[in-house]
Protein chains: 2
Amino acid sequence: MAALFSPLLDDLIKNLQTLQGVGRRTAQRMAFRLLEHDREKGARLAEILGRSMREIRECRLCRNFTEQEVCPICASAKRAAHHQLCIVETPSDVAAIEGTEQFFGQYFVLHGHISPIDGIGPDEIGLPLLEKRFSEEKFEEVILAMSPGSEGSVTSYYISDIARKYGIRLTSIAHGVPMGGGLEFVDGRTLSVSLKDRKDLE
Amino acid sequence: MAALFSPLLDDLIKNLQTLQGVGRRTAQRMAFRLLEHDREKGARLAEILGRSMREIRECRLCRNFTEQEVCPICASAKRAAHHQLCIVETPSDVAAIEGTEQFFGQYFVLHGHISPIDGIGPDEIGLPLLEKRFSEEKFEEVILAMSPGSEGSVTSYYISDIARKYGIRLTSIAHGVPMGGGLEFVDGRTLSVSLKDRKDLE
């Protein structure tokens, strides 16, 4: 489609489509809305976004996103006192687990999983740093909270290999039929896992 | 919910929700995606967005959004040669009509409609500028392309009052049953209008 607007407005609409899930129509609506009603908020978003892209890096200890050297969770003595480390693939996984309000320890973010075909090996997902932490800190439990799947399994294998060297107790979150999910909606693999991992009723 | 992340990242997620249709979860996904994969594009968006909020104003002639004094459509001699002016409520309406590739004249953007209860009168929607153009330029036809509704009617009434003074031919886009729409899905008012405005078949 030919340019409909002035160059800068066209550019704004094009660049808003950088955002995940935003197509041309949505971008256009967002641009007009900002220009018509929310210029100050739009300017503030521009500033925060620019600063975030420049300043947010990875926490030196857990690799979660932060603009500080050590993120608030790693900096908390209260959390360290639990001596538990939960290993996840992405920062959104941290957010999801924090949302449960059931885990009070620390995290380690892999930012992916081992995938030789994409050139992602142990170094890329931070396993040297993880091993350093295993050797220097005393974790009573390390919980693997990876997405199920073959890549997750390879990654778990690498991590359990390291944990074994340091005699750390390693656990994995449970996989199975989601709560409130009817059995007929669950895929066969999930159902197999949930059968295999069945528990005695107390 | 308590702050989950570092202050800057929290701020980014909060400010992304300024964008229309973006809630907390979407904002979080957008932020993580940008940080993980699209930092350069994110920085570019920040820059363009900031510049847009500062520099995009209204075209001196048609009030459409532009960073230039006169927008590309008003600046085009080819479009002026049609001596047609289409009056719309919003810049998105201009985009929609341009999308049809059926109109080759110029536009005038009201940025709303008359609404005494909101303090929006003829001045707020630019009618003095419109009258100035009616008096200085030679339009063979002025097309009203307002959203149907009572506010649109009041606004149309004001505009037709001015147009009459200058002896300008005034038309309105047709309202009726949408093409491809089954009659059973159309509301009663639309159906009434489409009956009242029925045309002879040639």
Side-chain angles (χ1 to χ4, degrees), chain A residues 1-9 11-22 25-26 28-36 38-57 59 64-68 71-73 90-92 94-95 98-99 111-112, chain B residues 1-9 11-22 25-26 28-36 38-57 59 64-68 71-73 90-92 94-95 98-99 111-112:
Chain A
M1 183 158 34
L4 269 181
F5 310 103
S6 298
L8 182 56
L9 182 49
D11 236 22
L12 175 60
I13 292 169
K14 205 184 77 197
N15 277 277
L16 279 167
Q17 295 173 61
T18 295
L19 298 171
Q20 201 181 16
V22 175
R25 273 176 166 267
T26 308
Q28 198 176 292
R29 263 200 305 274
M30 285 174 168
F32 287 140
R33 174 59 164 259
L34 288 174
L35 289 166
E36 201 86 75
D38 291 322
R39 273 175 198 262
E40 273 177 42
K41 286 189 194 163
R44 173 128 182 88
L45 169 59
E47 191 219 309
I48 298 281
L49 178 60
R51 217 146 66 70
S52 297
M53 294 300 105
R54 283 190 306 274
E55 295 176 20
I56 293 177
R57 291 286 169 262
C59 168
N64 199 359
F65 287 133
T66 179
E67 73 278 16
Q68 298 154 341
C71 77
I73 291 180
T90 69
S92 355
V94 174
E98 285 293 290
H111 288 283
Chain B
M1 183 156 34
L4 269 180
F5 310 103
S6 298
L8 182 56
L9 183 49
D11 236 21
L12 174 61
I13 292 170
K14 205 183 80 199
N15 277 278
L16 279 167
Q17 295 174 61
T18 295
L19 298 172
Q20 201 180 15
V22 175
R25 269 175 169 269
T26 309
Q28 198 177 293
R29 261 200 305 273
M30 285 173 169
F32 287 140
R33 176 57 166 260
L34 288 173
L35 289 166
E36 200 86 73
D38 290 323
R39 273 176 197 259
E40 273 177 42
K41 287 188 192 164
R44 173 128 183 90
L45 169 59
E47 191 219 310
I48 298 280
L49 178 59
R51 218 146 67 70
S52 297
M53 295 299 105
R54 284 191 305 275
E55 295 176 19
I56 293 177
R57 291 287 170 263
C59 168
N64 200 358
F65 286 133
T66 178
E67 74 277 15
Q68 297 155 341
C71 78
I73 291 181
T90 68
S92 354
V94 173
E98 285 294 291
H111 288 283

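Proteins get letters first, then strands, A, B, ... in listed order; numbering begins at 1 in each.
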* Are side-chain heavy atoms of Pro91(B) and His111(B) found at a separation under 4.5 Å? -> yes
* Who wins among Ser92(A), Gly112(A), Cys71(A) for the most heavy-atom pairs under 4.5 Å with chain B? -> Ser92(A)
* Quick one: of Gly21(B), Ser52(B), Gly50(B), who has the most non-hydrogen atom pairs under 4.5 Å with chain A? -> Ser52(B)
* Using a cut-off of under 4.5 Å on heavy-atom pairs, state which of Leu19(A), Leu9(A), Thr26(A), Thr66(A) scores highest against chain B. => Leu19(A)
Tell me which donor-acceptor pairs under 3.5 Å the side chains of residues 40-49 of chain A have, and how far apart each pair is, sequence neighbours excluded?
unit_1, atom_1, unit_2, atom_2, d
Arg44(A), NH2, Asp11(B), OD2, 3.3

* To do: Mind checking the CZ-CD spacing from Arg25(A) to Gln17(A)? Nearest 0.5 Å is all I need.
  => 12.0 Å
* Asked: Taking every heavy-atom pair that is under 4.5 Å apart, which of Glu67(B), Gln20(B), Arg54(B) has the most such pairs with chain A?
  -> Glu67(B)
* For Arg51(A), side chain to side chain donor-acceptor pair (under 3.5 Å) partners two or more places apart -> Glu55(A)
* Asked: Who wins among Val22(A), Asp38(A), Leu34(A), Leu16(A) for the most heavy-atom pairs under 4.5 Å with chain B?
  -> Leu34(A)
* To do: Go through the atoms of Arg29(B) and report whether side chain, backbone, both or neither lie under 4.5 Å from a heavy atom of chain A.
  => both
* Should we say atom CZ of Arg57(B) is surrounded by more than 12 heavy atoms from elsewhere, each under 6.0 Å from it? -> yes
* Could you check whether the rings of Phe32(B) and Phe65(A) sit parallel, tilted or perpendicular, using 30° and 60° as the cut-offs? => parallel
* Structure fact -> Scored by heavy-atom pairs under 4.5 Å with chain A, the best of Glu36(B), Arg33(B), Lys14(B), Met30(B) is Glu36(B)
